[in-house]
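Report on the following structure.
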Amino acid sequence: MNTGRTPHGEELHCLVTGATGYIGGRLVPELLSEGHRVRCLARTPAKLRDHPWAGDAEAVGGDVTDAASVAEAMRGIDVAYYLVHALGTGPGFEETDRTAARIFAEQAHRAGVRRIVYLGGLTPRGVPEHELSPHLRSRAEVGRTFLGGPVPAVVLRAAVIIGSGSASFEMLRYLTERLPVMVTPSWVRTRIQPIGVRDVLRYLVGSARIPAGVNRTFDVGGPDVITYRDMMRRYATVAGLRRRLIVPVPVLTPGLSSHWIGLVTPVPASIARPLTESLRHEVVCHEHDITRYVPDGPGQPLPFDEALALALRRVRDARVATRWSSAAVPGAPSDPLPTDPEWAGGSLYQDERQLPVDASREALWRVIEGIGGDNGWYSFPLAWAVRGWLDRFVGGVGLRRGRRDAERLRVGDSLDFWRVEEIEPGHLLRLRAEMRLPGLAWLEMYAETGGDGRTRYRQRALFHPRGLLGHLYWWSVWPFHSVVFGGMARNITQAAAKGLAARKP
């Protein structure tokens with residue numbers, strides 16, 4: 001671990017919540033590069049183990065709604081970053097956010113933390129709070145909680161964040177690339193001040209050393225104030241696409257807009273809705289005072305077109321460090337695989353298949369680790385597509401989240417409507433389903449060597465039903481297992497034998 005002093009000031013001990021998410025996963029290495037020590041608070045610390053910086057940061061288990069775990073995580077901390085929110089956990093998410101912020105502020109004070117840094121949303125000036133979307137209203141309340149607490153706080157307020165893998169960027173990217181002609185909601189004419197993720201991280205890191213007497217909000221944005229319609233047109237130019245025809249209409253409500261976005265882009269309606277609701281009002285910075293404490297250098301903050309070009313290069317070069325889907329989907333099952341004795345009395349359905357492979361274990365593992373996303377699922381493509389459409393229809397994530405990296409996976413990665421729960425390189429890939437199901441589901445793929453010395457592929461699909469509906473679900477899809485799972489096993493072994501690391505669906 002880098003524990004040396006830096007020329008910019010003293011080494012600080014920083015706590016980062018939300019390190020499994022989009023911003024938090026990028027903030028940790030930035031803090032480490034500044035010479036700070038970093039502790040990450042995560043509900044599932046194992047999700048952080050495969051990050052390149054994992055060996056340089058401490059990971060502890062806990063939840064921001066649990067005072068005891070927050071108190072333990074705060075010990076010895078100088079600066080605490082709050083990068084979590086309860087959006088999408090249900091109708092009571094505002095109360096959950098309220099409780100978590102209060103606990104965080106109280107435990108920071110008790111632990112002697114010098115500063116809290118919070119990244120919130122930019123709210124429109126002159127608009128009564130009750131007219132804001134629940135998403136923005138809750139973020140504003142969390143910011144007030146920290147500013148009204150005993151620990152000095154810096155509350156950064158940003159609008160649309162542009163960076164490879166951000167939800168806002170991917171929404172913009174897919175809408176523009178897939179729809180040369182768009183009938184759009186009226187909010188595409190709303191003025192916005194986007195900011196590149198590189199500048200957001202720079203302001204977050206710099207906030208750690210803001211003087212103790214500063215306790216306030218700071219608006220952060222890029223140099224461009226533009227409409228969403230202009231953002232789509234400028235994206236088309238930067239991406240080398242033909243000019244897009246955009247026709248705004250007044251009839252698309254935020255709810256309809258979110259479902260429309262969910263159909264066209266990988267961003268599900270549950271995430272698209274707060275993004276679109278935030279665009280109903282003008283979100284433009286009214287001050288840029290952050291530069292008093294975190295000065296902008298030449299070319300900073302990045303102009304919109306440059307932020308777009310940088311994000312596109314990272315996507316095309318497969319150098320996306322984190323994605324919007326890095327964080328667990330609210331409401332998705334997080335239970336570990338039920339192998340403990342206490343599960344012995346419950347129901348656990350299994351579909352297990354084994355096949356010999358005329359290839360090395362290394363060749364088989366390359367196919368296993370390359371599964372999903374653009375590489376497909378080595379099975380009946382229409383069946384997977386229909387399952388993805390059905391999941392989207394009932395509000396799930398669907399099949400289009402894809403992969404963060406085309407070749408490598410790490411624990412915690414989203415993989416279409418799965419989440420990587422465990423990897424034993426060269427041997428096991430375990431995926432946990434995040435689709436809407438009446439139960440918990442896992443898919444395991446193994447590369448093994450049999451007693452005869454030959455490579456063997458082993459595959460297990462497991463399902464723990466919840467209630468009668470769960471049992472009915474399993475038996476209703478059971479007749480299709482030979483097509484879906486049987487075909488998957490055969491095609492994976494054939495791909496390994498042919499030396500293919502990926503196969504398009």
Side-chain angles (χ1 to χ4, degrees), residues 46 49-50 335-344 346-384 387 403 405-413 415-433 439-465 474-475 477-505:
R49 76 175 197 202
D50 294 331
D335 306 53
L337 183 67
T339 53
D340 295 332
E342 63 188 271
W343 287 80
S347 298
L348 185 65
Y349 294 115
Q350 298 189 46
D351 180 286
E352 184 167 0
R353 299 170 190 272
Q354 298 188 49
L355 288 173
V357 186
D358 293 325
S360 65
R361 281 183 57 174
E362 291 76 14
L364 175 59
W365 178 252
R366 284 196 296 272
V367 177
I368 292 172
E369 192 175 12
I371 201 164
D374 290 339
N375 299 334
W377 287 88
Y378 298 89
S379 186
F380 186 36
L382 181 60
W384 286 91
R387 188 64 187 87
R403 300 172 52 111
D405 184 289
E407 297 180 354
R408 298 288 178 261
L409 292 173
R410 64 191 185 201
V411 170
D413 272 359
L415 184 60
D416 293 323
F417 46 42
W418 304 90
R419 177 80 55 182
V420 179
E421 184 172 271
E422 182 59 83
I423 297 179
E424 296 177 17
H427 175 56
L428 163 68
L429 173 63
R430 178 183 299 137
L431 307 175
R432 188 184 70 247
L440 304 173
W442 296 264
L443 178 62
E444 294 182 333
M445 289 164 276
Y446 294 84
E448 300 178 329
T449 302
D452 56 0
R454 293 186 64 188
T455 301
R456 294 191 64 82
Y457 172 68
R458 183 160 63 94
Q459 174 183 294
R460 284 204 309 166
L462 303 103
F463 183 69
H464 175 68
W474 174 264
W475 290 111
V477 299
W478 179 79
F480 304 101
H481 284 184
S482 61
V483 175
V484 176
F485 293 127
M488 183 178 182
R490 289 191 299 272
N491 291 332
I492 284 177
T493 58
Q494 290 171 10
K498 294 176 183 177
L500 301 177
R503 184 175 70 89
K504 298 289 184 181

For residues 355-365, which side-chain donor-acceptor pairs fall under 3.5 Å, sequence neighbours excluded?
unit_1 : atom_1 : unit_2 : atom_2 : d
D358   : OD1    : R454   : NH2    : 2.7
S360   : OG     : E362   : OE1    : 3.4
S360   : OG     : A363   : N      : 3.1
R361   : NE     : A447   : O      : 3.4
R361   : NH2    : G426   : O      : 3.3
R361   : NH2    : A447   : O      : 3.2
W365   : NE1    : E369   : OE1    : 3.2

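- Within the 3.5 Å criterion, the main-chain N or O of E407 finds a donor-acceptor partner in the side chain of D405.
- A donor-acceptor pair under 3.5 Å links the side-chain atoms of Q459 to the main chain of F485, judged by distance alone.
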Item checked: side-chain contact (heavy atoms from CB on, under 4.5 Å) between L431 and V420, worked out -> CA-CA 5 Å; L431 307 175; V420 179; 3.9 Å; yes

Next item on the list: Could you please spell out the steps behind the side-chain contact (heavy atoms from CB on, under 4.5 Å) verdict for D413 and R403?
Entry: CA-CA 8 Å; D413 272 359; R403 300 172 52 111; over 6 Å; no

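- Look at R353 and D351 and you find a salt bridge, because one of the NZ, NE, NH1 or NH2 atoms lies within 4.0 Å of a carboxylate O, short of that distance.
- The two residues V484 and S379 come nearest to each other via the heavy atoms O-OG, 2.7 Å.
- Taken from CG in L415 to CG in L443, the straight-line distance is 9.5 Å, to the nearest 0.5 Å.
- Aromatic ring pairs are classed by plane angle as parallel below 30°, tilted from 30° to 60° and perpendicular above 60°; the pair W475 and Y349 is perpendicular.
- The aromatic rings of F463 and W474 lie parallel to each other, their planes meeting at an angle below 30°, with 60° marking the opposite boundary.
- Residues meeting the salt bridge (Lys or Arg N to Asp or Glu O under 4.0 Å) test with E422, sequence neighbours left out: R49.
- Under a 3.5 Å cut-off, the side chain of R432 and the backbone N or O of W442 do not form any donor-acceptor pair.
- Evaluation of the side chain to side chain contact (heavy atoms under 4.5 Å, CB included) rule for E448 yields H427, Y446, R458 as partners, not counting sequence neighbours.
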